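Okay, so here's the structure we're looking at.
Because the structure is a prediction, the values reported are computed rather than measured.
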Amino acid sequence: MGRDTIADIITSIRNADMDRKRVVRMASTNITENIVKILLQEGFIENARKHQEKKKNLVLTLRHRRNRKRPYRTILNLKRISRPGLRIYSNYQRIPRILGGMGIVILSTSRGIMTDREARLERIGGEILCYIW
């Protein structure tokens with residue numbers, strides 16, 4: 001049985017954010033690099049770099065709130081939508097808007113992995129990978 005690399009990315013980022021870790025390490029694949037590139041462009045993570053020891057790894061630097069007096073609330077909210085057991089597809093007209101456009105939807109289209117805004121501009125639908133807000 002294969003591994004769900006997208007769920008692994010989302011879970012590792014979510015766990016690091018909840019544990020107030022600043023740095024996350026994950027295996028580097030084409031899918032992970034494309035998703036991390038989108039997160040970096042949208043401002044959800046601070047920095048990303050490739051690190052190669054025996055295997056290729058991505059090292060992400062997360063954004064955190066500096067105020068620690070209040071109870072900690074996560075900045076990133078990530079939700080996996082399409083999964084190996086149940087694929088969810090959408091045309092460009094029915095791509096959901098997260099928080100009225102404040103969040104993003106990451107889609108896998110025939111032209112690569114892109115955000116919901118890019119998919120609507122290019123009038124392309126695809127598989128809905130995850131929501132981020």
Q) Does Asp8 have any side chain to side chain contact (heavy atoms under 4.5 Å, CB included) partners at least two apart in sequence or in another chain, and if so, which? A) Arg3

**Q.** Rounded distance (nearest 0.5 Å) linking atom OH of Tyr131 with atom CG of Asp116
**A.** 10.0 Å

(Q) Do Met26 and Ile10 sit in one hydrophobic cluster, given that two such residues count as connected whenever their side-chain heavy atoms are within less than 4.5 Å of each other, even indirectly? (A) yes

Q) Atom CD1 of Ile9 and atom CG of Asp4: how far apart are they, to the nearest 0.5 Å? A) 9.0 Å

Q: Supply the atom-to-atom distance Arg25 CZ to His51 NE2, rounded to the nearest 0.5 angstrom.
A: 4.5 Å

Q: Could you check Thr61 against Arg22 for side chain to side chain contact (heavy atoms under 4.5 Å, CB included), going step by step and ending with a plain yes or no?
A: CA-CA 6 Å; Thr61 307; Arg22 186 114 172 109; 4.2 Å; yes

Q | Counterpart residues, side chain to side chain contact (heavy atoms under 4.5 Å, CB included), relative to Gln93 (two or more places apart) | A | Asn91

Q) Salt bridge between Glu42 and Arg117, side-chain N to carboxylate O under 4.0 Å? A) yes

Q: Flag yes if Ile106 and Leu86 sit in one hydrophobic cluster, no otherwise; membership is Ile, Leu, Val, Met, Phe, Trp, Tyr, and two members link when side-chain heavy atoms are under 4.5 Å apart.
A: no

Q: Write down the atom of Ala16, the atom of Val24, and the distance for their closest heavy-atom approach.
A: CB-CG2, 3.2 Å

Q. Linking I/L/V/M/F/W/Y whenever any side-chain heavy atoms sit under 4.5 Å apart, do Leu129 and Met114 land together?
A. no

Q) What closest approach, in Å, do Asn57 and Ala27 show between heavy atoms, and which atom pair accounts for it? A) OD1-CA, 4.0 Å

Q.
Go through it in stages, so that I can follow the logic: the residues are Leu40 and Lys37, the test is side chain to side chain contact (heavy atoms under 4.5 Å, CB included), and I'd like the CA-CA distance, side-chain angles, deciding distance and then a yes or no.
A. CA-CA 5 Å; Leu40 193 60; Lys37 189 186 308 180; 5.7 Å; no

**Q.** Audit row: Ile104, Phe44, side chain to side chain contact (heavy atoms under 4.5 Å, CB included) steps and yes/no
**A.** CA-CA 10 Å; Ile104 62 170; Phe44 288 107; 3.9 Å; yes

Q.
To the closest 0.5 Å, what do you measure between CD1 (Ile6) and CG (Leu78)?
A. 12.5 Å

Q: Please name the pair of heavy atoms, one in Leu39 and one in Ile132, separated by the smallest distance, quoted to 0.1 Å.
A: CD2-CD1, 3.2 Å

**Q.** Non-hydrogen atoms of Arg80 and Ala7 that approach each other most closely
**A.** NE-N, 3.9 Å

Q: Show the numbers, then the answer: is there a side chain to side chain contact (heavy atoms under 4.5 Å, CB included) between Tyr92 and Glu122?
A: CA-CA 9 Å; Tyr92 77 94; Glu122 294 188 22; over 6 Å; no

Q.
Rounded to the nearest 0.5 Å, what separates atom CG in Leu58 from atom CD1 in Ile35?
A. 11.0 Å

Q | OG1 on Thr32 to CD1 on Ile113, rounded to 0.5 Å | A | 9.0 Å

(Q) Can you give me the closest heavy-atom contact between Asp17 and Arg63, atom names plus distance? (A) OD1-O, 4.2 Å

Q | Within one Ile-Leu-Val-Met-Phe-Trp-Tyr cluster: Met102 and Ile95, side-chain cutoff 4.5 Å | A | yes

Q. Where is the tightest heavy-atom contact between Ile88 and Ser82, given as atom of each residue plus distance?
A. N-OG, 3.1 Å

Q: Spell out, yes or no, whether Val105 and Ile38 are grouped together once hydrophobic residues are joined by side-chain heavy atoms under 4.5 Å, including indirect joins.
A: no

